[in-house]
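One structure below.
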Amino acid sequence: QVQLVESGGGLVQPGGSLRLSCEASGTIFRIFAMGWYRQGSGKERELVAIYFWSGTTNYGDSVKGRFSISRDNAKNAVYLQMDSLKPDDTAVYYCNAEGVTTVQTQGADYWGKGTLVTVSS
């Protein structure tokens with residue numbers, strides 16, 4: 001089955017940068033989109049960025065101009081470059097793969113375990 005492996009989280013000072021990675025393992029025939037969501041303490045899970053395999057990207061309003069999502073089709077991977085980080089960016093970041101087709105399923109969704117990003121001085 002498909003697994004999403006995340007890496008890159010950690011502690012960073014305000015104004016700093018981090019780069020998150022997410023690779024989807026398994027035999028995958030098709031993906032509709034991959035992206036990142038986050039959930040801070042006491043907050044709802046929100047969209048950070050999503051990369052549709054058609055080439056379109058969407059960003060949450062709070063991260064526009066600071067975060068950038070990219071992809072590597074050969075690795076079924078997405079990356080999130082986070083610049084000018086603020087304390088409000090502190091959250092668990094979850095990788096998501098949407099509309100995944102494998103030998104066993106069609107149009108299934110998968111979530112990573114999450115990686116913690118802490119922005120603090």
Side-chain angles (χ1 to χ4, degrees):
Q1 60 180 6
V2 173
Q3 290 186 322
L4 303 182
V5 181
E6 302 146 319
S7 63
L11 175 65
V12 65
Q13 294 184 8
S17 298
L18 284 175
R19 183 176 176 86
L20 305 183
S21 299
C22 175
E23 293 190 22
S25 65
T27 302
I28 299 172
F29 302 132
R30 186 179 301 169
I31 297 177
F32 181 71
M34 292 184 70
W36 294 91
Y37 293 73
R38 70 184 183 186
Q39 187 167 20
S41 179
K43 299 180 179 180
E44 296 181 344
R45 185 172 297 189
E46 65 175 345
L47 172 69
V48 177
I50 185 168
Y51 205 138
F52 296 93
W53 248 238
S54 61
T56 301
T57 58
N58 286 338
Y59 293 91
D61 289 340
S62 63
V63 306
K64 288 180 179 177
R66 299 188 299 118
F67 292 9
S68 180
I69 190 170
S70 60
R71 69 178 181 184
D72 185 335
N73 289 347
K75 296 181 178 180
N76 291 130
V78 291
Y79 310 93
L80 185 68
Q81 179 66 43
M82 304 185 293
D83 298 323
S84 301
L85 284 162
K86 302 183 293 185
D88 276 354
D89 295 318
T90 296
V92 177
Y93 285 70
Y94 297 92
C95 181
N96 169 256
E98 182 179 346
V100 180
T101 298
T102 70
V103 69
Q104 296 179 323
T105 63
Q106 289 184 311
D109 293 349
Y110 297 90
W111 290 90
K113 299 294 184 181
T115 184
L116 177 63
V117 172
T118 302
V119 185
S120 176
S121 59

For the hydrophobic clusters of this structure (ILVMFWY residues joined by side-chain heavy atoms under 4.5 Å, transitively), does one cluster hold both [X] and [Y]?
X	Y	answer
Phe67	Tyr79	no
Leu18	Val92	no
Ile50	Phe32	yes
Trp36	Val2	yes

Rounded to the nearest 0.5 Å, what separates atom [atom1] in [X] from atom [atom2] in [Y]?
X	Y	atom1	atom2	value
Leu11	Gln13	CG	CD	8.0 Å
Tyr93	Met82	OH	CE	5.5 Å
Ser120	Leu85	OG	CG	12.0 Å
Thr115	Leu80	OG1	CG	11.0 Å

Given side chains that start at C-beta, do those of [X] and [Y] come closer than 4.5 Å, heavy atoms only?
X	Y	result
Val78	Cys95	yes
Val117	Leu20	yes
Glu6	Ser21	no
Arg38	Asp89	yes
Glu46	Ser62	yes
Tyr51	Met34	no
Ile28	Val100	yes

#### Entry: Polar side chain donor-acceptor pair, Arg71 to Thr57, under 3.5 angstrom
no
### Query
Hey, is CD on Gln3 packed in by over 12 heavy atoms from elsewhere, all under 6.0 Å?
no
### Query
Has Arg30 got more than 12 heavy atoms of other residues, nucleotides or ligands less than 6.0 Å from its CZ?
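No, not enclosed.
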For [X] and [Y], which heavy atoms make the closest approach, and how far apart are they?
X	Y	answer
Asp83	Ser17	OD1-OG, 2.8 Å
Ala33	Phe52	CB-CD2, 3.7 Å
Leu4	Ala97	CD1-N, 3.7 Å

### Stepwise side chain to side chain contact (heavy atoms under 4.5 Å, CB included) test for Thr118 and Leu116
CA-CA 6 Å; Thr118 302; Leu116 177 63; 3.7 Å; yes
Would you check if the side chain of [X] reaches a backbone N or O of [Y] as a donor-acceptor pair within less than 3.5 Å?
X	Y	result
Thr102	Thr105	yes
Arg66	Ser84	yes
Asn96	Asp109	no

### Task
Apply side chain to side chain contact (heavy atoms under 4.5 Å, CB included) to the pair Tyr94 and Lys113, showing each step before the final yes or no.
CA-CA 7 Å; Tyr94 297 92; Lys113 299 294 184 181; over 6 Å; no
